[in-house]
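Report on the structure given below.
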Amino acid sequence: MFDFNYYTPTKVVFGKNTESRVAELVKEFGGTKLLIHYGGGSVVRSGLLKRVTDTLDAAGISYVTLGGAVPNPHLGLVYEGIELCKKEKVDFLLAVGGGSAIDSAKAIGYGVANDGDVWDFYDYKRQAAAALPLGVILTIAATGSEMSDSSVITKEEGLVKRGYSSDYSRPRFAIMNPELTMTLPDYQTACGCTDIMMHTMERYFTNGGNMEITDALAEGLLRTVKKNALILCEDPGNYDARAEVMWAGSLAHNGLTGCGNDGGDWMTHKLEHELGGLYDVAHGAGLAAIWGSWARYVYKDCLPRFKKFALNVMDVEDVGSDEEIALCGIEAMEEFYRSIHMPTNLRELGVEPTEEELVLMAKKCAVGVGGEMGSAKVLNEEAMLSIYRASM
Ligand code: NZQ
Ligand code: ZN
């Protein structure tokens with residue numbers, strides 16, 4: 001068992017109509033002039049943005065707005081947001097939306113509070129020393145960015161998608177009303193469930209460290225999301241299922257399901273980030289498309305964990321060799337993806353990279369992780385290329 005820090009400073013306000021408390025929370029955390037940052041317009045169409053600005057107006061809190069954060073959010077809009085915040089003397093960021101709006105806001109927060117080019121942080125050139133405070137109103141259960149220390153930004157030039165993590169960017173508060181997720185397309189709900197499970201699976205498939213309570217939490221979370229993702233396929237308006245998934249999304253990525261182990265594997269995410277950067281696919285779908293190929297490539301090097309996963313999460317029968325049980329678990333996971341209409345290879349994802357593009361993705365991925373990475377199995381550029389090829 002490894003030593004660990006567990007730091008989750010975010011105040012979570014969870015339940016129906018909780019967005020009506022936004023002004024009170026902004027005041028509690030000292031915001032006087034806000035940038036409200038959002039995505040491509042779903043919060044305008046649903047009326048959420050209007051409800052939020054009405055509440056702020058009534059409380060006398062001033063704000064400027066900036067929409068347009070796209071899935072796989074772009075650096076260009078981050079620069080625009082930084083300039084706007086400086087010009088308007090913004091002292092608090094409010095992201096209304098999903099991981100893309102939240103991550104874009106986090107990057108804006110770094111850019112305002114630190115000198116120099118904000119991309120330096122995502123390019124691993126230096127560390128941030130501060131960030132503007134951030135509050136969140138979440139509209140999709142997926143990334144866990146509402147409690148996480150990470151943000152992922154795509155630089156348009158060269159389509160480089162990179163993540164940066166620091167405790168400065170953990171939101172001060174997160175408003176989570178599961179009802180707000182009911183306007184989501186079914187595809188995005190399923191992408192979100194996939195991402196949530198993957199955040200815990202990345203931490204679970206490891207060769208470093210072991211903690212019984214952490215594994216029990218992880219397995220319980222995975223079983224819960226699996227069950228409720230299936231319920232939401234049949235009954236998208238089910239409040240309780242949406243609530244289970246939404247809270248799981250935060251717990252899956254606030255560090256809880258990794259305490260006591262080595263931090264996890266994370267190679268499925270790194271391989272997906274190249275797909276997201278190059279082909280602009282939905283993050284969750286990209287993860288589902290690559291996971292099976294990753295799992296088959298690494299499972300023999302992490303057999304006890306793959307067996308445990310098969311038995312405790314996928315309900316595989318404890319019959320046969322460890323390898324057979326592990327493989328049945330991988331197959332069962334892929335079957336689950338299919339049942340929630342997620343892809344299990346790149347073709348189903350809708351992308352058909354050429355061999356040159358596969359080589360390019362593997363090269364960029366290897367550069368992005370500093371040569372090699374992984375805990376279930378350490379992967380180098382050649383291994384990454386093999387996994388991309390197998391996922392075709
Ligand atoms: O942009 P709008 O119009 O809001 O539409 C969004 C978008 O098209 C839509 N949507 C969101 N809430 C909705 C809604 N549509 C109707 N009703 C609602 N209530 O859904 C689409 C996806 O939204 P997005 O914010 O892109 O999704 P997600 O939360 O999955 O975020 C994905 C991004 O987060 C990164 C991913 O790589 C990707 O760039 N990640 C961030 C992480 C973090 N910060 O900790 C960790 C993750 O592993 C991930 O890498
Ligand atoms: Zn993710």
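What you see below is based on every heavy atom in this structure, not just the backbone, and it leaves out hydrogens, waters and symmetry mates. Counting starts at 1 for both ligands and their atoms, in listed order.
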**Item:** Those atoms of ligand 1 less than 4.0 Å from some heavy atom in Asn72
**Value:** 38 (C), 39 (O)
**Prompt:** Where does His199 meet ligand 1, judged by heavy-atom distances below 4.0 Å: at the side chain, the backbone, both, or neither?
**Reply:** side chain
**Asked** What is the nearest protein non-hydrogen atom to atom 18 (C) of ligand 1, stated with its residue, atom name and distance?
**Response** Thr183 OG1, 3.4 Å
**Item:** ligand 1 contact by Asp103, heavy-atom criterion under 4.0 angstrom
**Value:** yes
**Item:** Lys300, NZ atom: more than 12 neighbouring heavy atoms under 6.0 Å
**Value:** no
**Message:** So does Asp149 get a backbone contact from the side chain of Asp167, meaning a donor-acceptor N/O pair under 3.5 Å?
**Reply:** no
**Crowding at OH, Tyr7 (>12 non-hydrogen neighbours, <6.0 Å)** = no
**Request:** Would you check the N or O atoms of Lys106, main chain and side chain alike, for any that come under 3.5 Å of an N or O of ligand 1?
**Result:** no
**Prompt:** Okay, side chain of Ser321, backbone of Glu324: is any donor-acceptor separation there less than 3.5 Å?
**Reply:** yes
**Request:** Look only at the side chain of Asp265 and the backbone of Ser375, and say whether a donor-acceptor pair between them is shorter than 3.5 Å.
**Result:** yes
**Message:** Just to confirm my output: which protein heavy-atom neighbour is closest to atom 33 (C) of ligand 1, and how far is it?
**Reply:** Ser100 OG, 3.5 Å
**Item:** Exercise: identify the closest heavy-atom pair between Ala105 and Leu134
**Value:** CB-CD1, 3.9 Å
**Request:** Look at the N, O or S atoms of His253, main chain and side chain alike, and state whether any lies under 2.8 Å from the Zn ion (ligand 2).
**Result:** no
**Message:** What protein heavy atom lies closest to atom 1 (O) of ligand 1? Include the residue and the distance to one decimal.
**Reply:** Gly40 N, 2.7 Å
**Prompt:** Nearest to atom 28 (P) of ligand 1 by heavy atom, Gly144, Ala69, Ser151, Gly99: which?
**Reply:** Gly99
**Request:** Write out the residue and atom name of the closest protein heavy atom to atom 12 (N) of ligand 1, then the distance separating them to 0.1 Å.
**Result:** Thr139 OG1, 2.8 Å
**Message:** Heavy-atom contact check, 4.0 Å cutoff: does Gly41 meet ligand 1?
**Reply:** yes
**Request:** Specify whether Tyr299 and Phe306 have parallel, tilted or perpendicular ring planes, treating 30° as the upper limit for parallel and 60° as the lower limit for perpendicular.
**Result:** perpendicular
**Item:** Any N or O of Leu180 closer than 3.5 Å to N or O of ligand 1
**Value:** yes
**Asked** Heavy-atom contact under 4.0 Å between His273 and ligand 1?
**Response** yes
**Asked** Is the distance between the ring centroids of Trp247 and His253 under 6.0 Å?
**Response** no
**Message:** Quick check against the 3.5 Å criterion: does Arg203 have a side-chain atom that pairs as donor or acceptor with the backbone of Met198?
**Reply:** no
**Item:** Heavy atom of protein inside 4.0 Å of atom 6 (C) of ligand 1, strictly below
**Value:** no
**Selection from Gly163, Ala142, Cys191 by shortest heavy-atom distance to atom 30 (O) of ligand 1** = Ala142
**Prompt:** Which N, O or S atom name in His199 marks its closest approach to the Zn ion (ligand 2)?
**Reply:** NE2
**Message:** Are Phe205 and Phe309 an aromatic pair, judged by ring center distance below 6.0 Å?
**Reply:** yes
**Request:** Examine Glu272 against ligand 1 and note whether any of their N/O atoms are separated by less than 3.5 Å.
**Result:** no
**Request:** Would you confirm whether Asn207, through its side chain, and Ala376, through its main-chain N or O, come within 3.5 Å as a donor-acceptor pair?
**Result:** yes
**Request:** Tell me which protein heavy atom sits closest to atom 22 (C) of ligand 1, plus the residue, atom name and distance to 0.1 Å.
**Result:** Gln188 OE1, 3.5 Å
**Asked** For atom 4 (O) of ligand 1, what's the nearest protein heavy atom and its distance?
**Response** Ser42 OG, 2.7 Å
**Request:** Give the residue, atom name and distance (to 0.1 Å) of the protein heavy atom nearest atom 13 (C) of ligand 1.
**Result:** Leu184 CD2, 3.3 Å
**Asked** Is there a donor-acceptor contact under 3.5 Å from the side chain of Asp322 to the main chain of Pro304?
**Response** no
**Message:** So that I can tick it off, tell me whether Glu352 and Arg347 are bridged by a salt bridge, with the cut-off set at under 4.0 angstrom between side-chain N and carboxylate O.
**Reply:** no
**Request:** Would you kindly specify which portion of Ser150 sits under 4.0 Å from ligand 1, judged on non-hydrogen atoms: side chain, backbone, both or neither?
**Result:** both
**Complete:** Counting from 1 in the order shown, the ligand 1 atoms closer than 4.0 Å to a non-hydrogen atom of Pro71 are 7 (C), 8 (O), 26 (O)
**Message:** Under 4.0 Å between a side-chain nitrogen and a carboxylate oxygen: does that hold for Glu348 and Arg338?
**Reply:** no
**Asked** Is it the side chain, the backbone, both or neither of Lys161 that has a heavy atom closer than 4.0 Å to ligand 1?
**Response** side chain
**Request:** Would you indicate which of Thr143, Ile153, Asn254 comes nearest to atom 31 (O) of ligand 1 when only heavy atoms are counted?
**Result:** Thr143
**Fill in**
Closest to atom 49 (C) of ligand 1 among protein heavy atoms sits His283 NE2, 3.3 Å
**Request:** Indicate yes or no: does Arg172 engage Glu28 in a salt bridge with an N to O separation below 4.0 Å.
**Result:** no
**Request:** Measure the distances from the heavy atoms of Pro73 to every atom of ligand 1 and state whether one is below 4.0 angstrom.
**Result:** yes
**Electrostatic pair Asp91-Lys33, nearest N-O below 4.0 angstrom** = no
**Item:** the Zn ion (ligand 2) to Asp195: nearest N/O/S atom name
**Value:** OD1
